Amino acid sequence: MSNFQTQHQKQPSKLHNKKRLNQEQVRLLERSFTAHKKLDPELKLKLANQLGVPPRQVAIWYQNKRARWKTQNLEFDYNTVQVKLENALAEKRRLEKDVKQLKEELKQAQEMLLANLNQKNYPFGSCDSSSNNYGSCSENVDGDHHHVQVLQELYACLIGGGSGSAWG
């Protein structure tokens, strides 16, 4: 029999001699882990004596528990981020819908304002619709040129040319 075969035959019997922790021992280790995530040498010896197991077994249990705990925390963090992402995407879709609706309302307001500015019987005056210069409106209310100017500035704002006005 070779040296390798002799060692290989001895290992399985060594594995079967390993003591498994009972439920009470695991509960004690769990309570200890809740209080102390890192195992210092003093705690390791204290726990090993309380449990009646070798200190190395306590150290390995702690190492495995900490690895599982980190994995659980990563999964929890991932799920939290996933929920936040889904909420942000839902909010983005809602905002995009709002923007679309507001753009439509702005377009309608622009069309209404343009139609009102081009009417001959506008209460603040009439505008020459053949001209792109809305400064050619005549007043039919004495001293009320300010209203026409305000409407012109509002229209300029709506069509995007309102920079430098009182509305911009």
Side-chain angles (χ1 to χ4, degrees), residues 15 18 20-44 46-48 51 53 55-137 144-168:
L15 288 175
K18 181 180 172 185
R20 287 184 108 9
L21 299 171
N22 64 37
Q23 288 182 343
E24 188 56 41
Q25 290 171 319
V26 171
R27 273 194 286 265
L28 178 66
L29 285 169
E30 292 281 353
R31 282 194 302 270
S32 173
F33 184 81
T34 301
H36 311 283
K37 301 295 185 236
K38 299 279 184 172
L39 183 64
D40 61 47
E42 292 173 17
L43 180 59
K44 178 171 59 173
K46 179 183 170 192
L47 287 171
L51 298 171
V53 298
R56 179 77 182 132
Q57 189 172 0
V58 172
I60 290 171
W61 185 92
Y62 250 80
Q63 183 178 4
N64 292 339
K65 176 65 176 178
R66 196 168 35 254
R68 286 189 305 270
W69 176 74
K70 285 181 179 179
T71 301
Q72 287 171 344
N73 282 347
L74 282 175
E75 288 175 6
F76 178 78
D77 291 347
Y78 172 81
N79 290 336
T80 301
V81 168
Q82 193 69 24
V83 167
K84 287 180 180 180
L85 174 63
E86 289 169 5
N87 290 340
L89 289 173
E91 178 70 4
K92 179 183 180 264
R93 286 189 295 273
R94 187 189 66 74
L95 290 172
E96 286 172 341
K97 182 180 172 185
D98 288 351
V99 165
K100 184 177 178 182
Q101 180 182 352
L102 289 171
K103 282 182 177 180
E104 184 59 35
E105 289 176 17
L106 177 61
K107 182 181 173 187
Q108 290 173 357
Q110 288 172 337
E111 290 169 358
M112 286 174 51
L113 185 57
L114 184 59
N116 284 336
L117 285 174
N118 287 327
Q119 284 180 352
K120 296 265 185 212
N121 296 330
Y122 192 71
F124 299 121
S126 59
C127 295
D128 180 4
S129 61
S130 64
S131 167
N132 285 337
N133 179 6
Y134 293 106
S136 64
C137 293
D144 215 348
H145 181 71
H146 174 71
H147 290 286
V148 173
Q149 184 180 0
V150 168
L151 285 174
Q152 289 169 347
E153 287 184 7
L154 177 59
Y155 178 73
C157 262
L158 287 173
I159 61 170
S163 60
S165 73
W167 298 92

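In this text the structure is predicted, and so the values were computed from the model without any measurement. What's counted below: heavy atoms across the whole structure, side chains too, no hydrogens, waters or symmetry copies.
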Could you tell me whether the side chain of Q82 reaches within less than 4.5 Å of the side chain of Y78, counting heavy atoms only?
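Yes; the side chains approach each other to less than 4.5 Å.
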Any side-chain heavy-atom pair from Q25 and N22 closer than 4.5 angstrom?
yes
Which heavy-atom pair separates [X] from [Y] by the least distance, and what is that distance?
X   : Y   : result
S32 : L43 : OG-CD2, 3.9 Å
K44 : P55 : CD-O, 3.4 Å
L47 : Y62 : CD1-CE1, 3.9 Å
W61 : V26 : CZ2-O, 4.5 Å

Considering residues at least two apart in sequence or located in another chain, which fulfil the side chain to side chain contact (heavy atoms under 4.5 Å, CB included) criterion with [X]?
X    : result
Q108 : E104
N87  : V83
K37  : F33, W69

Using the salt bridge (Lys or Arg N to Asp or Glu O under 4.0 Å) criterion, which residues pair with R27? Sequence neighbours excluded.
E24
Contacts of E30 meeting salt bridge (Lys or Arg N to Asp or Glu O under 4.0 Å) (sequence neighbours excluded), chain-then-number -> K65
For the atom pair CD (Q57) and CG (L21), what is the distance rounded to the nearest 0.5 Å?
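Those atoms lie 4.5 Å apart.
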OG1 of T34 to CG of L29: how many Å apart, nearest 0.5 Å?
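Interatomic distance, T34 OG1 to L29 CG, rounded to 0.5 Å: 10.5 Å.
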Contact list for residues 74-90, test salt bridge (charged side-chain N to carboxylate O under 4.0 Å, His left out), sequence neighbours left out
none
Take atom CZ of R68 as the centre, draw a 6.0 Å sphere, and report whether it contains more than 12 heavy atoms from other residues, nucleotides or ligands.
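Above 12, so yes.
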Sequence neighbours left out, what pairs pass side-chain hydrogen bond (donor to acceptor under 3.5 Å, both in side chains) with at least one residue falling in residues 90-103?
E91-R94, K92-E96, R94-D98, Q101-E105
